[in-house]
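Here's the structure we're looking at; comments come further down.
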Amino acid sequence: LLSGGVDMINYAPPSSIARLQKEEGISISKGPSVYNFMIYADQRKDTKQVTDNNGKKLEKNPFRDLRVRQALSYGINRKVIAERVMEGLASPVNQLTPRGFFGSNPDLPELEYDVAKAKEFLAKTKHPEGGFEIEYVYVEGFELERQMGLAMIDAYKDINVTVKMVPQTWPNMVALGSKPETSPDMLAIFATPVSTDPDAIAIQYHPESFGKYYGSHFLNDPDLIKMIEAGRAGAFIGNTSSMIKAKAARSNVHAIPMDDGMPGQVYVARPEDVAANPDKYVSFLRATHKAALEIATTEDLGPILEQIG
């Protein structure tokens, strides 16, 4: 951008914003995004990466203990990261669902930074004094993720937990996260929901995502899986060509064409799911149809886009 090779870029590094603002002829547009920076903790029964501070492999994965995870949560100062690492261009989050998404809870309290509480939780575990080392794997050359790692190194010194930074190329990170036996202790990713449907978040914790970069945690919690599946509606909106492809690929796809002024609008679902949950699908179709029709017929999309966020 600065050399004139391109006319526009997306997602400039926070550290570059101040310089770009001073450049004549460059205009910067800023606004809330749905990016959540997450660090997935390995929660398998056995892990080869977690060691004590002398490099000896631990018999059991400490991340399996909720209190260890709570201690690490209390031990990180999210506000400092948002203000310093992100140059004030981010805000701490307190839940997986981004603000403004259907299903997000605006009444949840902020996650605290409290070293005393972190030590209190650790004291109740098999690692009361900390004393273990975890690997933090991040994208090589991604300065923002490197700084996140440095912030964790500094923060976790207070609870005697060592963070070993391991830069990897993105293909190598994806390969490591694809198998339970090689998935890192902590894998730094930016997960972008593909839509404002809360299932775009929940699916990251479903077995369908295991082995993908956003499912490298391999968290196999039967109760969580049941909750995710209970809240899902196995339907989507597509045009005529996507319906034809879906029916060709799967025998259990049922397509419902809609002649309502939106040519090619199709709703697709599994017939057995529709039969088992008719009320849920009727509500889904009515709400989706109303929203799509409103977008298609409105002259001013501003209020709608503002509401969506």
Side-chain angles (χ1 to χ4, degrees), residues 36-81 85 92-96 108-138 145 148-166 173 176-177 179-189 191 201 204-207 209-210 213-225 227-228:
N36 275 353
F37 179 79
M38 297 181 286
I39 302 171
Y40 286 141
D42 176 4
Q43 295 182 45
R44 295 164 295 166
K45 289 183 179 180
D46 183 54
T47 176
K48 297 179 175 62
Q49 288 83 14
V50 184
T51 67
D52 62 22
N53 284 338
N54 296 318
K56 182 181 178 181
K57 180 183 176 298
L58 298 181
E59 292 184 4
K60 293 185 178 181
N61 182 358
F63 288 132
R64 297 277 292 180
D65 191 326
L66 171 62
R67 296 165 299 186
V68 171
R69 303 197 301 273
Q70 288 173 319
L72 295 179
S73 179
Y74 277 115
I76 195 73
N77 194 329
R78 295 169 176 82
K79 289 184 178 179
V80 168
I81 289 177
V85 176
V93 295
N94 57 357
Q95 56 192 298
L96 292 171
L108 287 180
E110 294 298 324
L111 296 173
E112 299 178 60
Y113 166 61
D114 191 323
V115 175
K117 281 188 177 180
K119 292 181 177 180
E120 180 181 329
F121 275 106
L122 271 183
K124 300 174 183 177
T125 72
K126 293 183 178 181
H127 308 276
E129 303 296 329
F132 57 88
E133 179 183 270
I134 53 181
E135 286 189 350
Y136 167 75
V137 176
Y138 67 100
E145 289 188 352
M148 293 283 191
L150 293 175
M152 286 197 298
I153 288 176
D154 185 59
Y156 291 149
K157 285 179 181 178
D158 292 333
I159 56 175
N160 193 29
V161 172
T162 303
V163 177
K164 178 183 178 182
M165 294 178 59
V166 183
M173 282 182 65
L176 288 172
K179 300 176 182 178
E181 58 268 22
T182 59
S183 185
D185 302 338
M186 285 187 166
L187 186 69
I189 69 164
I201 305 294
Q204 298 175 29
Y205 300 90
H206 189 274
S209 297
F210 289 175
Y213 73 90
Y214 49 82
S216 59
H217 46 74
F218 293 94
L219 175 60
N220 193 2
D221 185 326
D223 292 335
L224 176 61
I225 294 169
M227 289 176 62
I228 293 172

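For this chain, numbers begin at 1 and follow the sequence in order. Values in this document were obtained by computation on a predicted structure and should not be read as measured data.
With values rounded to the nearest 0.5 angstrom, Lys119 atom NZ is found 9.5 Å from Asn160 atom CG. To the nearest 0.5 Å, atoms CE (Met186) and OH (Tyr138) are separated by 15.5 Å. To the nearest 0.5 angstrom, Met152 atom CE is 12.5 Å from Thr162 atom OG1. In this structure, OH in Tyr213 is found 7.5 Å from CD in Gln204, a value given to the nearest 0.5 Å. Between Asp52 atom CG and Glu133 atom CD the span is 9.0 Å, to the nearest 0.5 Å.
Within 6.0 Å of CD in Glu129 there are 12 or fewer heavy atoms belonging to other residues, nucleotides or ligands.
Side chains of Pro62 and Val50 form a contact here, defined as non-hydrogen atoms less than 4.5 Å apart. At least one side-chain heavy atom of Ile225 sits less than 4.5 Å from a side-chain heavy atom of Asn220.
The aromatic rings of Phe132 and Phe63 stand perpendicular to each other, their planes meeting at an angle above 60°, with 30° marking the opposite boundary.
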May I have the list of side-chain donor-acceptor pairs in residues 70-79 shorter than 3.5 Å, sequence neighbours left out?
residue: Ser73; atom: OG; partner: Arg78; partner atom: NH2; Å: 2.9
residue: Asn77; atom: OD1; partner: Lys79; partner atom: N; Å: 3.2
residue: Asn77; atom: OD1; partner: Val80; partner atom: N; Å: 3.2
residue: Arg78; atom: NH1; partner: Ser73; partner atom: O; Å: 3.2

* **Verdict with reasoning, Asp65 to His127, per side-chain contact (heavy atoms from CB on, under 4.5 Å)** => CA-CA 10 Å; Asp65 191 326; His127 308 276; over 6 Å; no
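Remark: Lys124 is positioned above the aromatic ring of Phe121, its terminal NZ or CZ atom under 6.0 angstrom from the ring centre and at most 45 degrees off the axis.
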